[in-house]
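What follows is one structure encoded as structure tokens, with my remarks underneath.
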Amino acid sequence: MNRDRAIASLCRSARGLQLLFVVSLVSIGVLLASLRVVTPGSATHVITMVQLVTFAGLFALTGTALLICVRWS
């Protein structure tokens with residue numbers, strides 16, 4: 001599969017990427033707000049941090065994919 005076909009295939013699902021981008025952004029906001037009430041060092045704090053890193057990575061990945069679609073079209 002060449003590069004143009006791969007980008008075209010990615011951009012066909014742009015609406016889903018936009019939804020995932022927004023869900024990631026909202027989740028990051030909720031997790032950041034919850035860090036104020038979670039006890040540092042607890043298991044809940046660790047899970048919150050893991051989820052925060054995961055959603056930040058997902059946010060960056062979908063943002064990059066959307067940026068590629070905008071520049072390609």
Side-chain angles (χ1 to χ4, degrees):
M1 180 181 282
N2 63 17
R3 185 184 212 177
D4 288 335
R5 287 180 61 194
I7 292 174
S9 177
L10 176 71
C11 293
R12 272 186 242 128
S13 61
R15 185 55 109 186
L17 290 172
Q18 290 171 348
L19 180 63
L20 191 56
F21 184 78
V22 171
V23 167
S24 298
L25 182 62
V26 170
S27 296
I28 289 169
V30 169
L31 288 168
L32 285 175
S34 72
L35 280 178
R36 297 174 55 106
V37 295
V38 172
T39 307
S42 67
T44 306
H45 185 262
V46 172
I47 291 171
T48 303
M49 292 304 292
V50 168
Q51 286 182 332
L52 190 59
V53 169
T54 302
F55 278 114
L58 193 58
F59 178 78
L61 186 65
T62 55
T64 302
L66 288 170
L67 186 63
I68 288 170
C69 288
V70 167
R71 289 187 178 181
W72 182 74
S73 59

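Atom OG1 of T54 and atom CD1 of I47 lie 11.5 Å apart (nearest 0.5 Å). Separating the CG atom in L58 from the CG atom in L25 is a distance of 11.5 Å, to the nearest 0.5 Å.
Not counting sequence neighbours, the partners of F59 by the ring pair (Phe, Tyr, Trp, His ring centres under 6.0 Å) test are F21. Scanning for side chain to side chain contact (heavy atoms under 4.5 Å, CB included) contacts around R15 gives Q18, with sequence neighbours left out. Qualifying side chain to side chain contact (heavy atoms under 4.5 Å, CB included) partners for A8, counting only residues two or more places apart in sequence or in other chains: R12, W72. In this view, S34 and L31, T48 satisfy the side chain to side chain contact (heavy atoms under 4.5 Å, CB included) rule, not counting sequence neighbours. With sequence neighbours left out, the side chain to side chain donor-acceptor pair (under 3.5 Å) criterion links Q51 to no other residue.
Checking L20, V23, L19 one by one against T62, the side-chain contact (heavy atoms from CB on, under 4.5 Å) holds for a single residue, L20.
Under a hydrophobic-cluster definition in which Ile, Leu, Val, Met, Phe, Trp and Tyr are linked whenever side-chain heavy atoms come within less than 4.5 Å, directly or via other members, V38 and L32 are assigned to different clusters. The hydrophobic cluster containing F55 also contains L52, counting ILVMFWY residues as joined when their side-chain heavy atoms lie under 4.5 angstrom apart, directly or transitively.
Within the 4.5 Å cutoff, the side chain of T39 has no heavy atoms near those of the T44 side chain.
Under the disulfide bond (SG atoms under 2.5 Å apart) criterion, the residue pairs touching residues 32-73 are C11-C69, with sequence neighbours excluded.
Taking both residues in full, the closest heavy atoms of L10 and A65 are given as CD2-CB, 3.9 Å, listed atom of the first, atom of the second, then distance.
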